[in-house]
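This report concerns only the one structure given below.
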2 protein chains.
Amino acid sequence: MKGEGGLDKRKAYILATVVYEYIATAEPVGSNTLTQKYNLGVSSATVRNELAELEAGGYLVQPHTSAGRVPSDAGYRTYVDDLMQPEELAGDDRRRIRDELRDASRELDEIIDHTTRLVGRLSKNLAFVTKPQPDTQVFRHLQLIWLSPRSGVAIVVTSLGVAAQSLFELASEIHADDLTRFSNALNARLSNRPLRDIGEDHVAAAASELGIDDELRGAVTQALRAARSNEGATIASAGAQNLLDQPEFQDLRKLRSILRIVEEQKTLYDLVADAIGTEKPSVIIGQELGLDELTDLSVVTVPYRFGEHAVGMLSILGPRRMPYGRLLALASGTAETLSERLSDVELK
Amino acid sequence: MKGEGGLDKRKAYILATVVYEYIATAEPVGSNTLTQKYNLGVSSATVRNELAELEAGGYLVQPHTSAGRVPSDAGYRTYVDDLMQPEELAGDDRRRIRDELRDASRELDEIIDHTTRLVGRLSKNLAFVTKPQPDTQVFRHLQLIWLSPRSGVAIVVTSLGVAAQSLFELASEIHADDLTRFSNALNARLSNRPLRDIGEDHVAAAASELGIDDELRGAVTQALRAARSNEGATIASAGAQNLLDQPEFQDLRKLRSILRIVEEQKTLYDLVADAIGTEKPSVIIGQELGLDELTDLSVVTVPYRFGEHAVGMLSILGPRRMPYGRLLALASGTAETLSERLSDVELK
DNA sequence: CCTAGCACTCCATGCCAAAGACTGCCAATG
DNA sequence: CATTGGCAGTCTTTGGCATGGAGTGCTAGG
């Protein structure tokens, strides 16, 4: 008898077939379906025995006595990790993605947005993309703009465009001249450093050198902090309506909580937050997501890069019964194209 | 016999009651319900006669023979225009809105976003808010930033913050000095003008005066055009999941197309685009929206102001059976608070 | 003009029987 | 000893049907 871990060849094939068939039909699959549609070389009775053992091993579950089998989380996991054959993105899909992204504007937000919509459409599921982590970006320019004797705006530009704008109002009067000198000093000092390496000490050093008062120094520190912060870490999402087509969402309560999660963004972000910075695609299945509302769902998530760093994740959320191979290929292909596109628009 | 237009007092009261009751219960309302729950002073038989006449007049419809009456578009229209008594926003709702908005950040997008979520939550419907029309804003500052010998960024700041950033790459070499001179000249010339009044001729005049080459002049024109353009006219939306609670959306196909419309944004924007700039709240009911997918829905939309101008609309989309009075009060109250908040964060 | 009463229509509900889809088990088989 | 055909048993799904209830329109009488 083989242990839990090592499925013999036939069991593995049967498990793969059950998962495959269930993904395709959304119906519990029984021994007859299997023997008829797939060439197993054994009778349905034999398959029944195997199915019973797969169920005992935790790979399959039965919704009720007289129904076929459905994969469990463990079943999907084994399928994704060991049984599934990797797919490639079709050549013309790849071309289409490239074409669509080329037409998108040169602005970061719009590129991300466009990509997300595209993936939502092609995947027929919910796509979401985290915006590039600000603190991995490279500082390019700080601009202090004089607006009135007591107020101004600080604008921080990174290699991906304007990262933060921050209005400041001071008690003391501002000299336009100070703004220019301070800006110039900071630009000379900080240019091309990663935002995450820029500390208050740099600002303080420049300020004391030039005799800049504390208030203005504080305003600049504040602006840099805002630019660096992953706080407002937002995502773009698209394709929520696709989920409605899935038979598993006839239940409106489930649907409602999913929509809420999508709208909130934060929960969605947290799902993949751990993975940001990693280089490998990953799949999170059902309960592994750690949320009651999402037990019927899975997420495929792949990193995209800006320059050398993996800076964000492109993800697809769909029913646990999603076509993992196809979606992994789609996500990876798109992430690659997105990465290329981002280096196109880099401010160099 | 009174004509179509002029309902006698009793008919008007009965119509109002039917609409009111239907809004509250979502069930077709019959003559018995009316006589029992509301003090009409006549018997149900009389009410039946009146109901039949209201139906003949087009104000009510009957889903089927043995059901009660439901308002038609015309019925709702009459209710909203003539019969409904205007409501006021409760004092503590008003205070709560003010408090919540005060805590929101000082950045335009976040304020709009926050407001939208708040209205979504309080209205228990879908809220959407158009961003302020760029061309009504006032030019404050143009900043040309030198990045490399052949590239730079143009940033346009208006009274509501950064309106556009636009990367430019030129064939000829850029002198940092030219950028500064050109920026200064344009700022002196354009400051405090509404964006919509700024034409290419201003840029051309400044350029020729300073001997700025055509390429750079083009880049700046481009940046100003981007800032002024209402193209990317986007909206914020929140509360889509609330619609699921409404009994009229058990039908998933309807729901799907509504979600798609919400995600696309453009259709939603177009619904209220005509109204932008007007000063009055308005209500659009069912078929008046002009979209098959939205026949069961209505929109309440009210303007908000920035300074002197109405610059955007705050809207609530919900079932045609929505509590118009309450939502109008909520929308108006919030729009007012939003307007105040915007002048707080104006760059003066 | 109003009202009580009544016949009628249509929908919603619950129930039951029949059909269908699987399974698990058993005894027979190569 | 793994495999198989057969079969009884279990559970869900479906359709039909009768019942009850809600509401109407109409009529005749106040």
Side-chain angles (χ1 to χ4, degrees), chain A residues 1-2 7-15 17-19 21-22 24-72 75 247-248 250-251, chain B residues 1-2 7-15 17-19 21-22 24-72 75 247-248 250-251:
Chain A
M1 191 177 282
K2 317 285 169 359
L7 294 171
D8 65 47
K9 214 164 164 187
R10 192 172 68 191
K11 274 206 185 57
Y13 183 64
I14 290 181
L15 174 55
T17 313
V18 171
V19 176
E21 178 72 11
Y22 184 63
T25 64
E27 298 288 326
V29 359
S31 54
N32 275 316
T33 318
L34 287 175
T35 43
Q36 276 161 32
K37 290 178 83 165
Y38 301 88
N39 205 347
L40 297 180
V42 291
S43 78
S44 67
T46 310
V47 175
R48 278 202 287 282
N49 292 329
E50 295 285 53
L51 289 177
E53 287 183 44
L54 282 168
E55 183 171 0
Y59 298 99
L60 298 176
V61 291
Q62 227 177 347
H64 56 82
T65 336
S66 72
R69 278 2 190 261
V70 163
S72 66
E248 33 266 277
Q250 306 309 41
D251 182 354
Chain B
M1 189 177 286
K2 316 288 177 340
L7 295 171
D8 66 48
K9 213 163 165 187
R10 193 172 65 189
K11 274 206 186 54
Y13 183 64
I14 290 182
L15 175 55
T17 314
V18 171
V19 176
E21 178 72 10
Y22 183 64
T25 63
E27 299 287 327
V29 359
S31 54
N32 273 317
T33 318
L34 287 174
T35 42
Q36 276 161 33
K37 289 179 86 166
Y38 300 88
N39 206 348
L40 298 181
V42 291
S43 78
S44 67
T46 309
V47 175
R48 277 201 287 283
N49 291 329
E50 295 284 53
L51 288 178
E53 287 183 44
L54 282 168
E55 184 172 0
Y59 298 99
L60 298 176
V61 290
Q62 225 176 347
H64 57 82
T65 336
S66 73
R69 269 27 181 246
V70 163
S72 66
E248 33 266 278
Q250 306 309 40
D251 182 355

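Residue numbers begin at 1 in each chain, while the letters A, B, ... track the order of the sequences.
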Quiz prompt | Interatomic distance where CD belongs to Glu27(B) and P belongs to dC11(C) [whole Å] | solution = 15 Å

Exercise. For Asn32(A), answer base if it contacts any base atom (sugar-phosphate contacts may also be present), sugar-phosphate if it contacts only those atoms, and nothing otherwise; contact means non-hydrogen atoms under 4.0 Å.
Key: nothing

Exercise. Would you please confirm or rule out a distance under 4.0 Å between OP1 or OP2 of dA2(D) and any side-chain N or O of Arg48(A)?
Key: no

Quiz prompt | Separation of atom CG in Leu51(B) from atom C1' in dG25(D), rounded to whole Å | solution = 12 Å

Quiz item: For Thr35(A), does its backbone N or O pair with a side-chain atom of Ser44(A) as donor and acceptor, under 3.5 Å?
Solution: no

Practice problem: Give a yes/no answer on whether the side chain of Ser66(A) brings an N or O atom under 4.0 Å of OP1 or OP2 in dT10(D). | Solution: no

Practice problem: Choose from dG25(D), dG24(C), dT4(D) the nucleotide whose nearest atom is closest to any side-chain atom of Glu55(B). | Solution: dG25(D)

Quiz item: Separation of His64(B) atom NE2 from dA12(C) atom C1', in whole Å?
Solution: 9 Å

Practice problem: Check Leu15(A), Val29(A), Val19(A), Val61(A) against Pro71(A) for a side-chain contact (heavy atoms from CB on, under 4.5 Å) and give me the one that passes. | Solution: Val19(A)

Quiz item: Between atom CD in Gln62(B) and atom P in dA22(D), what is the gap in whole Å?
Solution: 16 Å

Self-check item: Interatomic distance, Leu54(A) CG vs dG24(C) P [rounded to whole Å]
Solution: 12 Å

Exercise. Could you state the atom-to-atom distance from CD of Glu53(A) to C1' of dT23(C) in whole Å?
Key: 15 Å

Quiz item: Roughly how many Å is it from CZ in Arg69(B) to P in dA22(D), rounded to a whole number?
Solution: 17 Å

Quiz item: Closest to the Val42(B) side chain: dT3(C), dG24(C), dT3(D)?
Solution: dT3(C)

Quiz item: Within the side chain of Ser72(B), is there an N or O that forms a donor-acceptor pair under 3.5 Å with the backbone of Gly58(B)?
Solution: yes

Quiz prompt | Any Thr65(A) side-chain N or O less than 4.0 Å from OP1/OP2 of dT23(C) | solution = no

Practice problem: Give one of base, sugar-phosphate or nothing for Ser31(B), where a contact means two heavy atoms less than 4.0 Å apart. | Solution: sugar-phosphate

Self-check item: Nearest-Å distance for atom pair CG/P, residues Asn49(A) and dC25(C)
Solution: 9 Å

Quiz item: When the nearest nucleotide of DNA chain C is assigned to Pro63(B) and to Gly41(B) on a heavy-atom basis, which residue is associated with the more 5' position?
Solution: Gly41(B)

Self-check item: Out of dT12(D), dC2(C), dG5(D), whichever nucleotide has its closest atom nearest the side chain of Ala45(A)
Solution: dG5(D)

Self-check item: Interatomic spacing from CD in Glu27(A) to OG1 in Thr33(A) - rounded to 0.5 Å
Solution: 9.5 Å

Quiz prompt | Shortest non-hydrogen separation from Pro247(A) to Ala26(A) and the atoms involved | solution = CG-CB, 3.7 Å

